[in-house]
Q: 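Quick one: structure below, then a few questions.
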Amino acid sequence: MQIDSLLEKNFRLAERQKNALLKLGLKTVKDLCFYFPSRYESFSERKNISELVEGDKTIVYGKIAEVSSEKSFHRKYYFTQAEISDSTGIIKAIWFRQPYIAKILKPGDKVALTGKIAFGKSGLYIANPLYEKIDSYQEIGKGKNIVAIYPEIRGITSQWIRAAIKKILKNLDEFPQDPLPERILNTYHLPKLKSSLIYIHIPKTTKDAEAARKRFAFEEIFFLQLAGLKNRIHYKSHHSFKVTINREEINNFMATFSFTLTNAQKNAIERIIDDFSKDYPMCRLLEGDVGSGKTAVAVAASYAIIRKNYQVAYMAPTEILAQQHFQSFINYFSQLQLTTKIGLITSSECRKYPSKINVKDSTHISKSQLLKWVENGEIPILIGTQSLIQDKVKFKNLAFVIIDEQHRFGTRQRAILARQKSESIPHLLSMTATPIPRTLALTIYNDLDLILLDEMPVGRKKIITIIVGSDEREKAYEKIRKEIKSGRQAYIICPRIDEPDLEKFNALNVKAVKKEFEILQKEIFPEFKIGMLHGKMLPKEKEKVLNHFRNNKIQILVSTSVIEVGIDVPNATIIVIEGAERFGLAQLHQLRGRVLRSTFQPYCFVFTESNSLKTRQRLNALVNARNGFELAEYDLQFRGPGELGGTKQWGISDIGMEALKNIKMVEAAQIESQAIIKEDPTLKNYPLIFKRLKEQKLDFHPE
Ligand code: ADP
Ligand code: MG
């Protein structure tokens with residue numbers, strides 16, 4: 001069997017199996033080899049049938065005597081029964097909802113069944129056992145008491161995958177070459193690729209499986225880091241715009257702000273301006289908790305750029321945020337006597353500031369007009385959504401790109417934005433408020449130089465976070481009523497239900513918000529004006545609702561969590577989060593950050609119907625934590641890496657996320673990837689590493 005050959009060439013596949021494999025992205029023999037088990041079931045040593053007792057988790061070897069499949073008494077589902085015998089006795093095996101098993105297992109087949117022994121009306125039986133046809137009882141050697149379990153989807157069973165991989169590993173002409181250098185494997189006691197593949201799929205012991213998982217985890221993190229480092233070298237190998245800045249001018253500009261900048265903000269601006277004066281591009285990540293004032297930093301840096309007649313592009317993840325930043329920029333710049341032109345481009349509208357009629361306002365303009373002014377340099381600051389990276393948008397001399405909530409944009413998009421007519425590429429500043437564990441940051445942001453905004457503007461009070469169980473709702477509503485009566489405003493967030501099916505997911509969301517909106521308006525807060533915001537609304541409607549909220553025409557805003565992380569309404573000091581147990585801690589922290597924007601006392605009410613001790617402990621961490629990073633670490637350790645949204649959000653597999661629990665491993669991957677890049681930046685002496693990087697489809701620049 002050849003590693004690159006198609007699965008359908010090597011296995012007889014039914015249509016539904018073909019489709020299922022395709023859905024899992026498994027086309028070739030190699031794909032299947034690298035489709036790893038999600039967990040292992042371990043069983044005690046093999047037992048004779050006569051020795052079995054209820055509750056055993058065990059492996060039974062025997063011969064099938066009889067198989068039948070029928071609908072259950074209530075005709076709700078199929079169940080399949082088989083009788084298995086060995087020299088000591090007979091036991092039943094029962095499978096629910098798997099009628100096809102009757103077609104696979106035939107009387108006379110020798111099988112190994114692994115499962116739990118249960119007790120029913122007609123005595124002991126094995127419930128839903130994993131089965132494996134065997135040629136002889138000796139084949140699965142003694143002591144093999146751990147079985148790989150694969151993530152299943154409709155059409156393909158864990159069972160099938162296990163059997164197929166076994167066949168592959170037995171019949172493979174040649175195993176793929178190991179991309180990890182031997183020196184690294186030796187240093188960290190990692191098994192070679194071939195052994196790892198065998199260990200991970202057919203481990204003899206838990207230790208084997210762990211060693212293999214460790215190897216693949218290391219490998220993934222190592223290559224992610226390597227790709228990041230390559231990108232960084234690539235980015236920095238370009239020329240950029242050397243912008244030397246008159247500090248006094250910047251200071252004068254900052255003096256027009258309505259507040260004094262924090263030291264962290266000043267320091268960040270200083271470092272960015274310093275980077276501008278080098279002739280290779282800056283590539284930085286500004287990371288700061290919600291409300292730490294990242295926009296002001298971006299504004300000051302932008303001012304430095306436009307004073308030298310260069311252009312700035314500011315990309316936000318959503319229309320609402322783009323509009324809000326447009327407004328913020330106008331507010332910051334309107335203090336100046338010179339009227340800086342600022343453009344806004346989203347998929348639904350284009351605007352320009354200042355308007356001809358009223359210099360304090362903006363006007364709608366046509367897209368072609370806006371594009372013309374951007375191309376001839378008349379508009380020095382362009383703010384927008386992804387529309388910014390369309391081909392049509394051409395700048396005269398774009399020297400600085402700001403990307404807000406950067407993790408939502410891939411490296412690819414960054415690269416497109418950096419693509420310019422000229423030889424030089426712009427300085428890049430990414431900004432994020434998403435607190436992530438240090439190990440994750442080291443891995444996904446290692447192509448960026450980090451600046452932390454680790455200081456909140458003065459006068460901000462600590463958010464009082466209160467966990468509210470179902471019997472304390474009334475009291476919480478009273479407290480909220482009191483706050484709103486004294487002039488404050490509130491957000492009420494309804495849970496996002498994490499379903500892979502996006503259509504359904506949105507529908508559910510909208511329904512939850514709509515229903516909550518009605519209940520709140522009719523029964524709970526009839527005396528206040530309540531608005532609603534969700535992802536299915538048109539941008540115009542959203543903006544209208546938000547404007548009403550900003551102007552306090554609406555006191556309560558009911559919304560889904562998918563709405564914008566960066567919304568800035570200082571008078572909103574209360575946030576209620578419904579179904580809080582469904583959110584990650586870091587996400588809850590980010591949500592509550594929305595009310596930390598003024599000097600009023602902010603409140604966060606965390607509603608939960610769950611009485612589970614674990615949930616309460618997790619939510620308590622939210623009450624006590626000092627910052628988002630603490631919470632992200634907590635989530636990583638206690639909630640399991642899967643919950644950080646590995647694949648979905650960061651493009652890291654479950655195995656890779658396991659590695660992130662282990663700072664030592666991540667640091668090792670960092671040290672080794674840096675050493676290799678230092679020794680051989682083009683990787684010409686490491687063809688296997690180079691090949692693997694390319695295959696991995698990471699956003700990476702091969703040059
Ligand atoms: P984020 O870091 O979440 O993007 P913003 O830039 O939106 O935060 O700032 C949050 C709020 O704090 C804004 O209303 C902004 O005007 C205000 N702000 C920013 N810096 C300061 C400061 N140094 N002192 C007081 N208020 C500030
Ligand atoms: Mg922001």
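Below, all heavy atoms of this structure are taken into account, side chains as well, without hydrogens, waters or symmetry copies. Each ligand, and each atom within it, is numbered from 1 in the order the structure gives.
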Q: Decide if the gap between the ring center of Phe257 and the ring center of Tyr332 is smaller than 6.0 angstrom.
A: yes

Q: Can you find an N or O of Pro457 that's nearer than 3.5 Å to an N or O of ligand 1?
A: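 No.
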
Q: Take Gln324 and Arg550 through the test side chain to side chain donor-acceptor pair (under 3.5 Å) and record every step on the way to the result.
A: CA-CA 11 Å; Gln324 183 182 291; Arg550 259 188 210 115; 3.2 Å; yes

Q: Under the criterion side chain to side chain contact (heavy atoms under 4.5 Å, CB included), I'd like the reasoning laid out for Ile250 against Ile245: C-alpha separation, chi angles, the key distance, then a yes or no.
A: CA-CA 8 Å; Ile250 296 287; Ile245 279 123; 3.4 Å; yes

Q: Short list, please: which atoms of ligand 1 are under 4.0 Å from a heavy atom of Thr260?
A: 22 (C), 23 (N), 24 (N)

Q: May I ask you to list the atoms of ligand 1 that are less than 4.0 angstrom from any heavy atom of Thr295?
A: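 This gives 4 (O), 5 (P), 6 (O), 7 (O) as the contact atoms.
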
Q: Which of these, Gln590, Gln265, Met456, Met254, has its nearest heavy atom closest to atom 20 (N) of ligand 1?
A: Gln265

Q: Any salt bridge between Glu667 and Arg438, counting N to O under 4.0 Å?
A: yes

Q: Indicate yes or no: does an N/O atom of Gly291 lie under 3.5 Å from an N/O atom of ligand 1?
A: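 In this structure, Gly291 places an N or O atom under 3.5 Å from an N or O of ligand 1.
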
Q: Under 4.0 Å between a side-chain nitrogen and a carboxylate oxygen: does that hold for Lys236 and Asp449?
A: yes

Q: Is it true that the side chains of Thr615 and Glu581 contain a donor and an acceptor less than 3.5 Å apart?
A: no

Q: Mark up the atoms of ligand 1 that fall under 4.0 Å of a heavy atom belonging to Leu261, in ascending order.
A: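 Going through ligand 1 atom by atom, the ones under 4.0 Å from Leu261 are 23 (N).
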
Q: Establish, yes or no, whether a centroid distance under 6.0 Å links the rings of Phe276 and Phe400.
A: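 Between Phe400 and Phe276, which both carry aromatic rings, the centre distance is below 6.0 Å.
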
Q: Closer than 4.0 Å to some heavy atom of Tyr332 - which atoms of ligand 1 meet that?
A: 16 (O)

Q: What part of Leu453, side chain, backbone, both or neither, has a heavy atom within less than 4.0 angstrom of ligand 1?
A: neither

Q: Report the member of Arg594, Lys294, Arg460 with the shortest heavy-atom distance to atom 11 (C) of ligand 1.
A: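 Going through Arg594, Lys294, Arg460 one by one, Arg460 has the nearest heavy atom to atom 11 (C) of ligand 1.
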
Q: With heavy atoms of Ser292 as the reference, note each atom of ligand 1 found under 4.0 Å away.
A: 2 (O)

Q: Show the atoms of ligand 1 that are less than 4.0 angstrom away from any heavy atom in Thr262.
A: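 Selected atoms, number and element: 23 (N).
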
Q: Please determine if Arg271 and Asp274 form a salt bridge, counting it only when a charged side-chain N lies under 4.0 Å from a carboxylate O.
A: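 Salt bridge absent between Arg271 and Asp274.
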
